[in-house]
2 protein chains.
Amino acid sequence: MWIAELSQRTEVPVATIKYYLREGLLEPGESVGATRSRYDESHIRRLRLIRALVESGGLSLARVRSVLAEVDEESHELHEVLGAVHGALIPNDLTATDESRRRVDALVAQYGWLVYSESQDRVLLAASLDALEKVGYHLDDDLLEAYASAAAQVADAEVSHLPSGDRQQTVEDTVVVTALGGPVLLALRRLAQQDASARRYGISPTTAACAVQAE
Amino acid sequence: MWIAELSQRTEVPVATIKYYLREGLLEPGESVGATRSRYDESHIRRLRLIRALVESGGLSLARVRSVLAEVDEESHELHEVLGAVHGALIPNDLTATDESRRRVDALVAQYGWLVYSESQDRVLLAASLDALEKVGYHLDDDLLEAYASAAAQVADAEVSHLPSGDRQQTVEDTVVVTALGGPVLLALRRLAQQDASARRYGISPTTAACAVQAE
């Protein structure tokens with residue numbers, strides 16, 4: 001297909017595709033004459049992957065490039081690719097208090113999670129606990145464990161849904177689910193919060209009518 | 001306390017506090033002489049609330065103001081406050097395909113969730129499903145239900161952990177947990193993904209050593 005069709009099918013503007021080509025994020029197409037190139041399904045898949053990474057948190061091109069390099073390195077194990085995706089999606093400048101870091105380490109040990117001791121994911125959790133403490137809210141152990149159990153269920157489901165066999169497809173799905181599954185989970189949490197709140201605090205007859213109507 | 005202490009205890013710079021005062025997000029302190037004011041615990045709590053809202057996603061002051069107005073409207077039920085917080089934390093320009101909207105409606109009905117039929121939370125979920133479809137990934141029903149069940153557990157735990165009795169405290173905790181609980185959940189999901197991935201794809205002896213050491 002020509003670049004116009006590539007653009008149409010991926011909903012990525014032609015100018016953006018050309019930019020990715022110049023930056024080396026996208027392999028060149030097959031040259032046809034001096035100025036035209038043909039593209040194939042591999043370009044569609046790669047553009048979708050770039051889009052997933054960019055849209056999930058405005059990653060810089062340098063970070064997108066580092067994830068793609070990991071995706072393309074056939075010798076790397078799938079587990080390493082996941083680590084690279086996590087690394088790219090995490091802010092660079094994370095800091096956390098020792099207290100929260102110890103709490104995270106204890107939780108990881110309690111659940112027996114196999115996580116690198118130096119993983120930035122540990123710091124990210126500690127930093128998010130710190131953010132709560134800073135606004136005067138201490139997340140108690142019960143609630144933290146409720147989050148952890150739910151997170152474990154989600155992660156098990158996500159990883160068990162990854163295809164087996166085709167490495168490239170598995171890697172692409174890993175990137176996409178990791179990057180875009182979070183917003184789905186958070187959106188569902190909002191809906192479930194609305195429900196839990198309606199049940200605890202009661203809702204007015206008007207609201208109840210809406211809810212029933214919705215069903 | 002003077003403004004310097006208020007700044008120190010909340011880690012919000014004096015200039016920022018003065019800005020919030022000018023913008024009416026923070027009630028003026030008690031005047032002492034022509035140019036000085038005294039502040040109390042209520043100012044600390046309010047600053048923490050503003051900070052939670054701002055840090056959870058760079059909310060505009062207009063949006064922060066609308067949440068605070070809801071918090072302060074004593075006649076509003078707690079359930080309405082939650083709705084207002086959700087409304088403020090949601091992007092303005094959400095759109096979603098009819099197909100995803102219908103899928104969300106069916107899911108809400110399946111779980112019997114009490115959610116306004118016109119809630120923007122429904123659109124947010126539909127939009128996040130669309131984002132996956134756009135990159136060529138269809139989230140199958142099994143995985144969607146795994147997310148939904150986990151979300152329901154989290155939301156139930158969050159709402160049941162809200163204090164009862166003191167309305168102001170309940171409202172503040174609602175805002176904080178809604179805004180800053182999500183990052184905790186997502187960070188835990190990353191850790192759990194690392195674990196699920198390590199178990200499915202296996203990890204090298206070096207990694208295993210790290211994991212054991214971490215425990």
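Each chain gets a letter, A, B and so on, in the order the sequences are listed, and its residues count up from 1. Predicted, not measured: the structure shown is a model, and the values here were computed from it.
Taking chain B as the reference chain and counting heavy-atom pairs below 4.5 Å, the highest number among Ala148(A), Ala146(A), Ser149(A) is found for Ala148(A). Ranked by non-hydrogen atom pairs under 4.5 Å with chain B, the options Arg51(A), Arg200(A), Gln153(A) are led by Arg200(A). When the candidates Lys134(B), Glu172(B), Arg190(B) are compared by the number of heavy-atom contacts under 4.5 Å with chain A, Arg190(B) comes out ahead. Contact count versus chain A (heavy atoms, under 4.5 Å) is highest, among Val154(B), Asp140(B), Asp121(B), for Asp121(B). When each of Leu129(A), Asp156(A), Leu82(A) is scored by its heavy-atom pairs under 4.5 Å with chain B, the top score falls to Leu82(A).
For Leu185(A), the parts lying under 4.5 angstrom from a heavy atom of chain B are both the backbone and the side chain. Residue Leu144(A) touches chain B through both its backbone and its side chain, counting heavy-atom pairs closer than 4.5 Å. Proximity to chain B (any heavy atom under 4.5 Å) is restricted, for Glu11(A), to the side chain, taken from C-beta onward. Proximity to chain B (any heavy atom under 4.5 Å) is shown, for Leu47(A), by neither the backbone nor the side chain. Residue contact with chain B, scored on non-hydrogen atoms closer than 4.5 Å, involves the backbone and the side chain of Ser164(A) alike. Only the side chain of Leu107(A) comes within contact range of chain B, judged by heavy atoms closer than 4.5 Å. For Leu143(B), the parts sitting under 4.5 Å from any heavy atom of chain A are the backbone and the side chain alike.
The two residues His79(B) and Tyr116(B) make their nearest non-hydrogen contact at CD2-OH, 3.8 Å.
Under the 4.0 Å criterion applied to side-chain N and carboxylate O atoms, Glu27(A) and Arg46(A) are not assigned as salt-bridge partners.
There is no side-chain donor-acceptor pair under 3.5 Å between Glu80(A) and Tyr201(B).
To the nearest 0.5 Å, atom CD1 of residue Ile50(B) and atom CZ of residue Arg65(B) are 10.0 Å apart.
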### Task
Would you sort out whether Trp113(B) and Leu188(A) count as a side-chain contact (heavy atoms from CB on, under 4.5 Å), showing the intermediate values?
CA-CA 11 Å; Trp113(B) 281 341; Leu188(A) 281 160; 3.9 Å; yes
#### Entry: Steps toward side-chain hydrogen bond (donor to acceptor under 3.5 Å, both in side chains) verdict (Tyr39(A), Glu5(A))
CA-CA 9 Å; Tyr39(A) 300 90; Glu5(A) 185 184 343; over 6 Å; no
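With Tyr111(B) contributing its side chain and Glu145(B) its backbone, the two residues share a donor-acceptor pair below 3.5 Å.
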Check: residues 173-183 of chain A side-chain donor-acceptor pairs under 3.5 Å, at least two apart:
residue   : atom : partner   : partner atom : Å
Asp173(A) : OD1  : Gln169(A) : NE2          : 3.1
Thr174(A) : OG1  : Thr170(A) : O            : 2.8
Thr178(A) : OG1  : Thr174(A) : O            : 2.6

